Number of protein chains: 2
Amino acid sequence: MRRAAPVINAIWTVTQRATGLAKAKRTLKWQRDPEGMRLRILEAAKQEFSTHGLAGARVDRIAAKAGANKRMLYYHVGNKDELYLAVLEGAYDKIRSEERGLDLEHLDPPEAIRRLIEFTWNYFLRNPEFLSLLQTENLARAKHLKRSTKVKSMHSPFVEMIRTVVRRGVDSGDFQVAVDPVQLYISIAGLCFFYLSNSATLSVIFGRDLLAREAKDERLAHMVGLVLAALTGRSAELFEIAKAPKSRAAVAQTV
Amino acid sequence: MRRAAPVINAIWTVTQRATGLAKAKRTLKWQRDPEGMRLRILEAAKQEFSTHGLAGARVDRIAAKAGANKRMLYYHVGNKDELYLAVLEGAYDKIRSEERGLDLEHLDPPEAIRRLIEFTWNYFLRNPEFLSLLQTENLARAKHLKRSTKVKSMHSPFVEMIRTVVRRGVDSGDFQVAVDPVQLYISIAGLCFFYLSNSATLSVIFGRDLLAREAKDERLAHMVGLVLAALTGRSAELFEIAKAPKSRAAVAQTV
DNA sequence: CGAGAAATTAACCCGTTGGATAAATACTGT
DNA sequence: ACAGTATTTATCCAACGGGTTAATTTCTCG
């Protein structure tokens with residue numbers, strides 16, 4: 001916590017006065033900005049909850065990070081639990097909206113699956129807080145999520161996407177099996193999620209940095225190869241295609 | 001837990017006096033049992049840390065659950081952090097020892113892989129606290145694990161097992177690719193881990209109980225099918241074999 | 001421009017919690 | 001049996017942390 005709220009607001013104020021209003025009649029100690037404040041609070045809370053978990057999160061730290069007075073959290077959002085739930089809902093909202101942007105319908109089935117895996121992988125990489133929040137919420141046995149009608153109404157478009165892609169793949173002969181789309185969805189998410197969410201312990205156990213550039217590339221190739229091989233039945237080719245020369249060398253080394 | 005320390009000790013004492021020593025000269029208020037005490041403390045701590053996480057765990061609750069005076073935790077193990085690390089080390093020690101008991105060498109490769117998946121799945125099912133502890137530790141970015149020379153020296157025998165199994169499978173023609181054993185290990189663990197550790201949120205999202213008997217059976221079948229199909233290249237047959245009639249119906253329904 | 005509402009700050013409250021201190025009791029070897 | 005040590009109990013406490021109360025300041029609109 002580098003700095004308390006009033007300071008930030010003071011800075012803003014000074015700047016605005018200097019540039020915008022020329023000669024202000026008196027010194028403004030702070031400035032109103034309810035929407036901005038709410039956003040800063042939620043952003044700060046997201047950081048705090050994802051790095052410290054629910055119980056480990058500190059309300060004072062959230063306030064400090066948001067450049068706000070602690071009272072503001074309760075004024076704009078609610079108590080710690082409500083704050084946490086708001087963050088969680090925001091996180092689900094965000095991923096759902098990005099998921100909707102992914103159009104798999106016009107791709108040929110194997111390519112669609114590849115895209116799906118890549119999206120999931122990259123989304124997790126770009127939003128590590130999402131992973132942490134899910135971990136935290138599961139540690140709490142989804143206690144809060146269960147009370148959220150908002151999240152429950154946000155259906156992922158992926159299940160339906162996968163369903164049609166798989167159907168098309170089976171019809172075209174690309175795929176050999178009509179997997180349950182929910183299972184496949186969970187498998188893809190799981191392959192990505194576990195590697196990233198557990199990278200800290202796994203890195204210690206294996207004595208190598210799983211988040212290094214090469215390791216991540218290799219992992220993506222492996223996952224795409226694994227899933228597509230299972231669906232198409234052509235493992236050899238797929239694994240080869242999936243792997244960059246560098247990665248193949250790494251495999252040879254460890255195998 | 002069921003009973004507080006003094007009570008347990010009192011009961012023990014009474015029993016022993018009544019049966020063993022006939023007429024005890026005076027009433028014992030408590031009994032010494034350093035080893036037992038330590039075990040009870042660690043067991044209670046495991047429960048507490050796995051259900052509440054590190055920050056959410058309460059030292060007083062651990063003491064109560066262990067049937068001990070709070071002071072005992074510090075006397076026998078150490079402060080909260082040391083207690084947590086001891087629990088974590090115990091958890092790793094346990095899984096490693098069970099892993100060592102799994103002999104895959106004499107099985108034909110596909111069967112070996114199936115056994116491996118089943119073991120992992122069942123171990124996670126039987127030891128949900130292990131999953132929680134890992135989640136907690138990863139939330140802490142493995143801060144404690146990094147300091148544990150003990151855990152770092154406990155190498156999982158699985159990587160080597162997988163390496164030889166894969167090699168044998170490739171040689172025999174059962175497998176089409178020589179996957180990196182570490183990647184495969186992580187994938188198998190991930191498929192199992194994610195489903196179980198995130199079952200709470202996933203169950204809410206999908207509106208179905210992922211821990212119901214049938215759902216679990218179906219999941220295991222799916223995972224075995226997926227991995228073996230990828231390795232052998234014979235997806236259709238494997239998925240069919242893997243699925244019980246009931247599960248197949250479920251798939252048909254959702255596909 | 002000024003009064004009332006909205007937003008923000010400042011200060012405090014009080015139960016909780018990890019940890020510590022000291023006293024009491026049980027055990028062990030001699 | 002008894003002295004010395006190991007184990008356990010009984011209290012205490014200072015800091016922390018979530019939440020609240022009350023005062024202050026800014027903004028809006030008639």
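Not measured: the values here are computed from a predicted model. Just so we're on the same page: letters track the sequence lines, and every chain starts at 1. All values below were derived from every heavy atom in this structure, side-chain atoms included, with hydrogens, water molecules and symmetry-related copies excluded.
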- Query: Between A:Phe49 and A:Tyr84, does the ring centroid distance fall short of 6.0 Å?
  - Reply: yes
- Message: Just to be sure I understand the rule, does B:Arg71 reach a base, reach only the sugar-phosphate, or reach nothing, if contact means heavy atoms closer than 4.0 Å?
- Response: base
- Item | Atom-to-atom span, CD of A:Glu82 to P of D:dG18 - whole angstrom | 15 Å
- Task: Please report, rounded to the nearest Å, how far the P atom of D:dC27 is from the NZ atom of A:Lys29.
- Result: 14 Å
- Item | Atom-pair distance (CD on B:Gln31; P on C:dC27), nearest Å | 6 Å
- Query: Hey, is B:Glu43 close enough to B:Arg40 for a salt bridge, meaning N to O under 4.0 Å?
  - Reply: no
- Ionic contact status for B:Lys94 with B:Glu129, cut-off 4.0 Å: no
- Query: Under 4.0 Å: is that the gap between some side-chain N or O of A:His76 and OP1 or OP2 of C:dT8?
  - Reply: yes
- Query: When you check every protein heavy atom under 4.0 Å of nucleotides 1-6 of chain D, what one-letter string (B, S, -) results, 5' to 3'?
  - Reply: ----BB
- Task: Check the distance between C:dT9's P and A:Met72's CE and give it to me in whole angstrom.
- Result: 6 Å
- Are the charged groups of A:Glu35 and A:Arg38 less than 4.0 angstrom apart, N to O? no
- Query: Rounded to the nearest Å, what distance is computed from the CG atom of residue A:Leu28 to the C1' atom of nucleotide C:dT8?
  - Reply: 13 Å
- Check step by step if side-chain contact (heavy atoms from CB on, under 4.5 Å) holds for B:Leu104 and B:Ile162. CA-CA 9 Å; B:Leu104 305 177; B:Ile162 294 176; 5.7 Å; no
- Note on the structure: Rounded to the nearest 0.5 Å, the CZ atom of A:Phe124 sits from the CG atom of A:Leu134 at a distance of 7.5 Å
- Query: Whole-Å distance between D:dT20 P and A:Lys80 NZ?
  - Reply: 14 Å
- Message: Output the rounded distance in Å from OH (A:Tyr74) to C1' (D:dA22).
- Response: 17 Å
- Item | d(CG, B:Asn69; P, C:dG19) in whole Å | 15 Å
- Task: Could you list the residues that satisfy side-chain hydrogen bond (donor to acceptor under 3.5 Å, both in side chains) with B:Asn122, not counting sequence neighbours?
- Result: none
- Does A:Arg58 make a side-chain N or O approach to OP1 or OP2 of D:dG18 shorter than 4.0 Å? yes
- Query: Contact class for B:Ala57 vs. all strands (heavy atom < 4.0 Å): base, sugar-phosphate, or nothing?
  - Reply: sugar-phosphate
